Number of protein chains: 2
Amino acid sequence: MQKAVLQIQVQDTLFVKDPTSSTIGKSILEHGLILLSEIGLEEFTFKKLARKISSTESTIYRYFENKHQFLSYLFNYYWAWMDVNIAFATTNIDDSEERLRRIMRVITQKVDNDLRTPFIDEALLQEVISLESSKTFLSKKVDEENKAGYFLQYKKVIDRIVSVMLELNPDYSYPNALVTTILESSFHQRYFSNHLPKLSNSMDNPNRLENFLLDLCLNTLYHHGK
Amino acid sequence: MQKAVLQIQVQDTLFVKDPTSSTIGKSILEHGLILLSEIGLEEFTFKKLARKISSTESTIYRYFENKHQFLSYLFNYYWAWMDVNIAFATTNIDDSEERLRRIMRVITQKVDNDLRTPFIDEALLQEVISLESSKTFLSKKVDEENKAGYFLQYKKVIDRIVSVMLELNPDYSYPNALVTTILESSFHQRYFSNHLPKLSNSMDNPNRLENFLLDLCLNTLYHHGK
DNA sequence: CAAATATAATAGTATTACTATCAATTTAGG
DNA sequence: CCTAAATTGATAGTAATACTATTATATTTG
């Protein structure tokens, strides 16, 4: 009997020592994600995580420079994983609009834990990234981190979606802006529905979120400039 | 000769003691904003601000519980001020689409320092809020803060824009989501253009940003469900 | 089995995020 | 103008955060 395994890779600027290379590293990822989901980035500390995994702060610091790098690691892991999902959902589909529809579905649906990746619970990861991802780039260190490749996986997904949009309308002037607007909105609208309902319109049902964003996207692409 | 003064009010849950009620309070606002724009929220501390205004931490704590409350104060100030601007830009305009166009212009243009408000530099405020506003709501304390009215001024602006959108298309299902998507995108696309250009398409020119968002908005409203 | 490497345990530092106390100063009311 | 009340400044202190350093003990690898 064969067990399917999915290896997600992120750049080596996102860690000091590769956490997937050891048992304790994987434990840091697994329980770090759980702790983040429980208390949020502001309250999250390496000391609390060390206590949780019965280890020490210094051990965690050997894997990640600080919690911001840890978050950025998860951020890239999420988009690397999404990239795989999007690629899978769109292979062998010839029609561009159908490809875009499938992409939007992948983006807006709630994900389930992918059992091919043993130490990362993707359902939890999506929750955490929804709430915290903006904090990866909204900082004064953004330029430095951008140079270090902190956003590469995200850019890869953006490129992939942009190219499908340009198949639908090669003259559209703002494909990258449209993609990031949609991706961010996808995170935030669901969050708003749960916490700030007046900032949204009941997006806890993923089909409504999909409908909202797909509509936005297709209308913009098809009617641009008219 | 008369000097025009514009009084912007925020709720009393956003401060311990009203900073506009004293000279030192105004100095906290003025130089707090400057310091925030210089070093960002993560590096910002009341100790550094106290040094800057030749006062003490304890004095600042008498005005604001912590830096998060200070940021939320500025966030509400910004939206209260934007509400005034939007109201002004749309009075006596009968045509709904023209009203929406004017709103989009107000939102996407770079603002100048409003000289009617002596201690707040609105141009700086816009920069700061662009970068930091998401942090006001992306926190585990959001429900509690929502109850305390931390987002009231923002909701007021959303309501105002929603009602114009519904004039254009009363059947549109996601007006609130569309408004927040546009408002957030407006902040982030300009930021991306400056720092993560691959996530956007040269939005440093406000006219392009306006064009992008207006197009998005009108196409979505006019072609919804088709 | 030895050498190299990783981890745990412990200690320590500077800074953050506050709270408390009290004297000096400013302001407001009569 | 004087007194009482409120505000601010100066100082101190605490617990937690965000690290760095050292060394002994495991564990892994060749």
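Proteins come first, then strands; the chains are lettered A, B, ... in the order of their sequence lines, and each starts at number 1. If you're wondering where the values come from, they're calculated on a predicted model, not measured in any experiment.
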How close or far is atom P of C:dA8 from atom CD1 of A:I53, stated in whole angstroms? 8 Å
Would you say NZ of A:K110 has more than 12 non-hydrogen atoms from neighbouring residues, nucleotides or ligands within 6.0 angstrom? no
If only side-chain N and O atoms of A:K47 are considered, is one of them under 4.0 Å from the OP1 or OP2 phosphate oxygen of D:dA18? no
I need the CZ-P distance between B:F44 and C:dT16, as an integer number of Å. 12 Å
Return the value, rounded to whole Å, for the distance between atom CD of B:Q69 and atom C1' of C:dC18. 14 Å
Considering every strand and a 4.0 Å limit on heavy-atom distances, what is the contact class for A:Y63: base, sugar-phosphate, or nothing? sugar-phosphate
Is it the case that more than 12 heavy atoms not belonging to B:R160 sit under 6.0 Å from its CZ atom? yes
5′-ward residue of the pair A:K48/A:S58 relative to DNA chain D: A:K48
Length of the CD-P vector between A:E43 and C:dC18, whole Å: 10 Å
note: A:I24, atom CD1; D:dT25, atom P; distance rounded to Å ~ 19 Å
Does the side chain of A:T56 get closer than 4.0 angstrom to OP1 or OP2 of C:dA9 through an N or O atom? no
B:E57 atom CD is separated from C:dT15 atom P, nearest whole Å, by 13 Å
Can the ring centroids of B:Y174 and A:F212 be said to lie less than 6.0 angstrom from one another? yes
Can you tell me how far C1' of D:dT7 sits from CD1 of B:I28, to the nearest Å? 12 Å
Upstream residue (5' side of DNA chain C) when B:R62 and A:T23 are each assigned their closest nucleotide: A:T23
Between P on D:dT17 and CG on A:L35, what's the gap in Å once rounded to a whole number? 11 Å
Using a cut-off of less than 4.0 Å, is there contact between a side-chain N or O of B:T59 and OP1 or OP2 of D:dG9? yes
Can you list the residues that meet the salt bridge (charged side-chain N to carboxylate O under 4.0 Å, His left out) rule with B:K155, with sequence neighbours excluded? none
Result for 5'-nearest mapping on DNA chain C, choosing between A:S55 and B:F46, is A:S55
Assign B:E65 to base, sugar-phosphate, or nothing according to its heavy-atom contacts below 4.0 angstrom with the strands shown. sugar-phosphate
Is the ring centre of A:F137 less than 6.0 Å from the ring centre of A:Y154? no
